[in-house]
*Asks:* 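Provided herewith is a single structure, encoded as structure tokens, for subsequent inquiry.
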Amino acid sequence: MLLDALLALRHIEVRHPARWGAKSPMRIISGETGSVRTDVLPLAAGVAVAVAGAGAALALTHFGSPLRAPFALFHLFATPAAALSAWLPGMDRTGRLVFSVSGSLAVNLLTAQALTALDSRSARNSVLIISVAALIIFLSARIPRTRKDPRTRKDRSNRKSQFRTRA
């Protein structure tokens, strides 16, 4: 009886599709990069936000840490770039990246120029002003815009003709 069970098992193994080259559904390993990319981008964005926030906190509190300078510099360049990228939702990634980086550089240069002219240049002031400027830029991109439709405006020449007929 034990021998019959072993022979039956061998018979099942011989008929198994995996033995003849078919892939078993339990052993499929996909080499797709698309699934990895969708998981990595939000994670990288979260890490960037955390590093920028830590840089702002370290610069504003004057905490003596060796990470204060690199994190604060990351905050100074990444925060305006992220705020400026909110202005271009329909643009392709390359154009948005170029615009955001160049705009961030311009915001930082204008801030440094203003702080130098006021003789109050410090890391704390720079982080504070850049944060406020980025917040204003980001919020201005999120304000809903209403445009007046020219077709709904009444024609003034029509009004004038109505007054002429009465007089």
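Every heavy atom of this structure was used, including side-chain atoms; hydrogens, water molecules and symmetry mates were not. These numbers come from a predicted model, not from an experiment.
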*Asks:* Can you get from M91 to W87 by hopping between Ile, Leu, Val, Met, Phe, Trp and Tyr side chains that sit under 4.5 Å apart?
*Replies:*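 They do share one cluster, since a chain of ILVMFWY contacts under 4.5 Å joins M91 to W87.
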*Asks:* Which pair of heavy atoms, one from R124 and one from H62, lies closest together, and at what distance?
*Replies:*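 That closest heavy-atom pairing would be CD-NE2, 3.6 Å.
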*Asks:* Using atom types as modelled and distance alone, determine if a side-chain donor or acceptor of S104 lies under 3.5 Å from a backbone N or O of S100.
*Replies:* no
*Asks:* Show which side-chain atoms of residues 128-144 pair as donor or acceptor with protein atoms under 3.5 Å away, not counting sequence neighbours.
*Replies:*
from: S131; atom 1: OG; to: H75; atom 2: NE2; distance (Å): 2.8
from: S131; atom 1: OG; to: V127; atom 2: O; distance (Å): 2.7
from: S140; atom 1: OG; to: I136; atom 2: O; distance (Å): 3.2
from: S140; atom 1: OG; to: I137; atom 2: O; distance (Å): 2.8

*Asks:* Nearest heavy-atom pair of L84 and F99: which atoms, and what distance?
*Replies:* O-CE2, 4.0 Å
*Asks:* What's the spacing between L88 CG and L97 CG if we round to 0.5 Å?
*Replies:* 11.5 Å
*Asks:* Per the side chain to side chain contact (heavy atoms under 4.5 Å, CB included) rule, which among L110, T111, L105 passes with V107?
*Replies:* T111
*Asks:* Using every non-hydrogen atom in the two residues, find where N125 and S120 come nearest and quote the distance to one decimal.
*Replies:* ND2-O, 2.7 Å
*Asks:* Can you name the nearest heavy-atom pair linking R96 to G90, along with the distance?
*Replies:*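 So the two residues come closest at NH2-N, 4.2 Å.
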*Asks:* Locate the shortest heavy-atom distance separating P66 from P70; write the atom from each residue and the value.
*Replies:* O-CD, 3.6 Å
*Asks:* Looking at every non-hydrogen atom in both residues, tell me the closest pair between A54 and F71 and how far apart they are.
*Replies:* CB-CD2, 3.9 Å
*Asks:* Kindly compute the distance separating OG (S122) from CG (L115), expressed to the nearest 0.5 Å.
*Replies:* 7.0 Å
